[in-house]
Amino acid sequence: MGERVGVIGAGYVGLTSAACFTHLGHRVICVDNDQSKVDALDRGEITITEPGLAELVHDGLNCRRLRFSTAPETLSDVDFVLLCLPTPKGDGGNADVRVLEEVVATLPGLLKPGCVVVTKSTVPVGTGARLPELLGTPELPVVSNPEFLREGHAVEDFLNPDRIVLGSTEENRRAAERVAALYGETDAPVWFTDPASAELAKYASNAFLALKVSYVNILAELCEHYGADIREVGRLMGLDPRIGPAFLSPGPGWGGSCLPKDTAALLRTAEHAGVDFGILRDAMKANARQQAAVTRKIRRAVTGTSDGSLKGVRIGLLGLAFKAGTGDLRDSPALAIARELARGGAILTAYDPGVDSAGTDLVQVVDDPYLVAKDAAALVVLTEWPEFRELDWDRLAAAAERAVVVDARNLLDPAAVARAGFAHTGLGTDPNRRTR
């Protein structure tokens, strides 16, 4: 029959965890304090863009192993409680754990003895050592189980993980083994460690990916200066198994719900410890510069100069989400660039297959990619949706005022768009064009 699992928080991580643990045969109750969200989930309405998630939720509801509630008391008979609560960037870059702490304080009078409290939220290093004090009882063992889910691949990553990390004290090792058993059907390698190492591994992993992206974006600028091609350089680097091919494509910068806040939190953690993490600080500065560099590249493509006026100029944007496969706009570099273009007076129209509305009046979001080209002085690819490669570029050229495309993801085939009449500008592929 599986275990009885409680999930607190029906956000991205919580909903994915609830649906996937149900799929693995467990009985799951997911609790959230947003009544409208719970009502929608009860009806099987999923607002998160994530392949396979809606199907798993529907299956769980239909087999009655998945329930949603706003009532904390529904957790009274569960064997595990997963904390999937927001820990956003707070003052000075520190992770804001107030919501998590408030919830933890309610658990001792709510959960039965022996229930394992599992932290899946990304939390500051040392949280695992503090939670037992907040709980005030040894009868609720605490285990750290950081998630390493990629947006757009979360269900796939959960059900086919490359590793499961569990952090606990020696006294709670048996509780960690019980958590490992929840994933039994995935047949993934399990790594047992101490709580602080598990917590730091999550921050360190995301920060390292951010470092890699900032590195390749700076390298792309160097390629432009010397006439090299970043696509070739990245491909050759990726052949080295010590480096690997992932995260070696330039773009408008890294964003999303994890990398910006996790890099900031890790930097603050280092500062608190008196450790100079200058390389991470520089990567964050390089990321901020990258958005400005792409904006200047767009200005140059449209006006001929990097500081030309965009007042009244129509620009079509292909992509607003921070990456393909999701509709997430949180800290999206695409949205940041749109904001800069709008501030310069540009009139913006955007299409993104994962975004219904940008939640802002700076850009008109349309439901047809060909509408972004209407009377546009330039098209800009800001999110790497594969379907953009397959667009009818002859049709786009006919609709545009000028056949100009700035490919900020190096997604397109330059020869293919050139055949349609487009002047193509990529990143790290245009000799002698400096962007900073």
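Scope of the values below: all heavy atoms of this structure, side chains included, with no hydrogens, waters or symmetry mates. Predicted model only: the values in this text are computed from it and were never measured.
In this structure, the separation between CG on L379 and CD1 on I298 is 11.0 Å, given to the nearest 0.5 Å.
Among residue pairs with one or both ends in residues 4-18, those qualifying as salt bridge (charged side-chain N to carboxylate O under 4.0 Å, His left out) are R4-D79; sequence neighbours excluded. Pairs passing the side chain to side chain donor-acceptor pair (under 3.5 Å) check and including a residue from residues 49-63, sequence neighbours excluded, read Y12-E50.
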Got a list of side-chain donor-acceptor pairs under 3.5 Å for residues 138-147, not counting sequence neighbours?
| unit_1 | atom_1 | unit_2 | atom_2 | d |
| --- | --- | --- | --- | --- |
| N145 | OD1 | K120 | NZ | 2.9 |
| N145 | OD1 | Y183 | OH | 2.6 |
| N145 | ND2 | V165 | O | 3.1 |
| E147 | OE1 | L149 | N | 2.9 |
| E147 | OE2 | K202 | NZ | 3.1 |

When the side chains of residues 245-255 are checked against the rest of the protein, which donor-acceptor pairs come out under 3.5 Å, sequence neighbours left out?
| unit_1 | atom_1 | unit_2 | atom_2 | d |
| --- | --- | --- | --- | --- |
| W254 | NE1 | A210 | O | 3.2 |
| W254 | NE1 | S214 | OG | 2.9 |
| W254 | NE1 | N287 | OD1 | 3.4 |

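The salt bridge (charged side-chain N to carboxylate O under 4.0 Å, His left out) search around D229 returns R231, not counting sequence neighbours. Legend: residues meeting salt bridge (charged side-chain N to carboxylate O under 4.0 Å, His left out) with R330, ordered by chain and number and at least two apart, are E151, D328. Residues passing the salt bridge (charged side-chain N to carboxylate O under 4.0 Å, His left out) test with R389, sequence neighbours excluded: none. For R281, the side-chain hydrogen bond (donor to acceptor under 3.5 Å, both in side chains) test picks out no residue, with sequence neighbours left out. A search for side-chain hydrogen bond (donor to acceptor under 3.5 Å, both in side chains) contacts involving W385 returns D352, not counting sequence neighbours. The side-chain hydrogen bond (donor to acceptor under 3.5 Å, both in side chains) test applied to E271 returns R268, not counting sequence neighbours. For N160, there are no side-chain hydrogen bond (donor to acceptor under 3.5 Å, both in side chains) partners two or more places apart in sequence or in a different chain. Qualifying salt bridge (charged side-chain N to carboxylate O under 4.0 Å, His left out) partners for D240, counting only residues two or more places apart in sequence or in other chains: R242.
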Test ring-ring contact (aromatic ring centres under 6.0 Å, His included) on F21 and F158; report intermediate values, then the result.
CA-CA 9 Å; F21 273 132; F158 195 104; 5.0 Å; yes
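The shortest non-hydrogen separation linking T383 to A334 is OG1-CB, 4.2 Å. Scanning both residues, E224 and T429, for their nearest heavy atoms gives CG-N, 4.0 Å.
With no hydrogens or angles considered, a side-chain donor-acceptor pair links Q35 and D39 at under 3.5 Å.
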